[in-house]
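Notes for the one structure printed next.
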There are 2 protein chains.
Amino acid sequence: MASDQTRSAILAAAERLYADRGFGDVTLRDIVAEANVNLAAVNYHFGSKDELIAELFVTRSLQLNRERLRELREAEEAGNGIGDIADILRALVGPTLRGCLGPDTQHSTAARFMIRVNIESVPAIRRIRNREIDHLRKFIAAMKRTLPERSDVELYWGLHFALAMAQQTVRDTERLTKLSEGKCDVDDVDGVIDRVVRVAVMALSAGDATSKALTRAMAREAR
Amino acid sequence: MASDQTRSAILAAAERLYADRGFGDVTLRDIVAEANVNLAAVNYHFGSKDELIAELFVTRSLQLNRERLRELREAEEAGNGIGDIADILRALVGPTLRGCLGPDTQHSTAARFMIRVNIESVPAIRRIRNREIDHLRKFIAAMKRTLPERSDVELYWGLHFALAMAQQTVRDTERLTKLSEGKCDVDDVDGVIDRVVRVAVMALSAGDATSKALTRAMAREAR
DNA sequence: TTGCATTTCAAACATTTGTATGAAACTATC
DNA sequence: GATAGTTTCATACAAATGTTTGAAATGCAA
């Protein structure tokens, strides 16, 4: 086992470089230079470049999922096993947005790395991502407990849209800021989370009479 | 000018290969083999690999934007310059979803290419994408005409979320299908469009009293 | 210290990649 | 049908990249 400090140095350097410059144009030589270790060290400690990337992603992924489930548990415990739907959705999108948005994001390597993962999509990561489904099912189950009369399809679409809004906000922060000329304050993380959650809650009723009534109400207002 | 058939063959072959295998692992040699032309032909006709990719993307992008604007114009003409908000949003997300979803997607190279563009993100394309903002502003303007009393911020977020849902659906069709065990029918393109539009319309009222009332209503129902 | 396993290192390897070159083939104009 | 411009072709180039190798260094137990 020894000191492991070479291994850690590689992980840290790789995450930093990937976060800053993306997966596309960071070579092993860049990484070992940043980490001040020998070129062969990567293959010695990780086997291959892809396995290094995979380890980085898995580590951060597990952290994210742990945090999500922790918040989900909190939400359900507060309601004696039945969480408020907004809190459940907040547990789903909150950790991502809190991790990847906000003014202090510039200082968190892990955050910027996960943003990269959301923007680019390298095969080594795509393979792992497919295992995320079991994790999401836990949220579907919790949503079902809270809204038992909702059809499954509505729940799936609701979760899908919630993730869509969160991830697109992370991915396209720059475009939204430019488009809105800074009027959309993505640094107000809690505000963004509230907004996403609110829309996601509404999305869950997209097939319902209530929502159709709302749509009609808006149409009237527009006249 | 001459025949241009080499040029076209390269474009067609490149689009097909990129659509099938992604930008990451398609080399110029793969492309020229598929197109039955000489290796040097790519640099002769396009200058560089990146310019070839750029031309492919620009072509498809212009098509998409043209179609969006056509539908937007239709929507506004139907209402004497003021379109129904749902129709405006439909003009925004409809072309993308109609192009990239549905059972016949397997047969359209252009569609699969644009899906790739949504999944992967290569520098050559990212650069061009930033010019999309002017295009989106036209939709903001149309939305503003229909909902003049809405604050700009609400409009920006609404458009952002609409695109988020559409693009994530294109990007993560597979995950949604797996997660829902096929219960979410993404082949029903019109159904998906309706759903996205409906949620997007609701999102536009995320800061309003109406939506807060709806949220409260749902909370009551959940009890 | 000796011996053994782990880790580091410099160097080389083997491909793969986009691009450049210069001659040949082709095309169209006069 | 000669000439000039365009296009095609085989081949070479140069650089980059992940990986391997075998020896040197290091750590550690007996």
Side-chain angles (χ1 to χ4, degrees), chain A residues 1-58 113 116-117 120-128, chain B residues 1-58 113 116-117 120-128:
Chain A
M1 277 301 114
S3 71
D4 250 7
Q5 83 190 48
T6 299
R7 214 186 127 87
S8 316
I10 292 173
L11 283 170
E15 185 167 45
R16 202 168 338 135
L17 289 177
Y18 285 141
D20 287 343
R21 293 160 35 191
F23 297 102
D25 59 303
V26 172
T27 71
L28 285 189
R29 283 168 176 81
D30 294 331
I31 295 173
V32 298
E34 180 86 1
N36 276 312
V37 301
N38 187 271
L39 174 58
V42 173
N43 288 279
Y44 177 78
H45 284 281
F46 298 92
S48 72
K49 188 192 188 185
D50 276 4
E51 288 173 88
L52 167 60
I53 294 181
E55 173 151 345
L56 280 172
F57 176 64
V58 167
F113 176 79
R116 275 292 168 195
V117 168
E120 299 181 30
S121 179
V122 71
I125 288 182
R126 257 194 302 257
R127 278 192 293 273
I128 300 173
Chain B
M1 279 297 115
S3 72
D4 250 8
Q5 83 190 48
T6 299
R7 215 186 125 88
S8 315
I10 292 174
L11 283 170
E15 185 167 48
R16 203 169 336 135
L17 289 178
Y18 285 140
D20 287 343
R21 294 161 34 190
F23 297 101
D25 60 304
V26 172
T27 71
L28 284 189
R29 283 167 177 82
D30 293 331
I31 294 173
V32 298
E34 179 86 0
N36 276 312
V37 301
N38 187 272
L39 174 60
V42 173
N43 287 279
Y44 178 78
H45 284 281
F46 298 92
S48 71
K49 188 192 190 187
D50 276 4
E51 288 173 89
L52 166 60
I53 295 181
E55 172 150 346
L56 279 172
F57 176 65
V58 167
F113 175 78
R116 275 290 168 197
V117 169
E120 300 183 28
S121 179
V122 71
I125 287 181
R126 256 194 302 256
R127 277 191 293 274
I128 299 172

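Order of the sequence lines sets the chain letters (A, B, ...), proteins ahead of strands, with each chain counted from 1.
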Starting at atom [atom1] of [X], determine the distance to atom [atom2] of [N], rounded to an integer number of angstrom.
X       : N      : atom1 : atom2 : value
A/Leu52 : D/dT19 : CG    : P     : 10 Å
B/Gln5  : D/dT7  : CD    : P     : 12 Å
A/Lys49 : D/dT17 : NZ    : P     : 8 Å
B/Ile10 : C/dT19 : CD1   : P     : 13 Å
A/Asp30 : D/dA16 : CG    : P     : 11 Å
A/Phe46 : C/dT7  : CZ    : P     : 12 Å
B/Asp4  : C/dA28 : CG    : P     : 13 Å
A/Leu39 : D/dT19 : CG    : P     : 10 Å

Does [X] reach the side chain of [Y], with side-chain heavy atoms less than 4.5 Å apart?
X       : Y       : value
B/Val32 : B/Ile10 : no
B/Glu55 : B/Arg7  : yes
A/Leu52 : A/Leu11 : yes

Which listed nucleotide ([options]) is nearest to the side chain of [X]?
X       : options               : result
A/Asn43 : C/dT19, D/dT8, D/dT20 : D/dT20
B/His45 : D/dT7, C/dT19, D/dG18 : D/dT7
B/Arg29 : C/dT17, D/dG18, D/dT8 : C/dT17

Quiz item: Do the side-chain N or O atoms of A/Asn38 get closer than 4.0 angstrom to the phosphate oxygens (OP1, OP2) of C/dT7?
Solution: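 Answer is no, no contact under 4.0 Å.
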
Quiz item: For C/dT8, does OP1 or OP2 lie under 4.0 Å from any side-chain N or O of A/Thr6?
Solution: yes

Practice problem: Determine, for A/Arg116 against A/Asp20, whether the closest basic-nitrogen to carboxylate-oxygen distance falls under 4.0 angstrom. | Solution: no

Quiz item: What is the ring orientation for A/Phe23 with A/Tyr18, classed by angle as parallel under 30°, tilted 30 to 60°, or perpendicular over 60°?
Solution: tilted

Practice problem: Would you classify A/Ala40 as touching base, sugar-phosphate or nothing, given that sugar-phosphate means primed atoms plus P, OP1 and OP2, and contacts are heavy atoms under 4.0 Å? | Solution: base

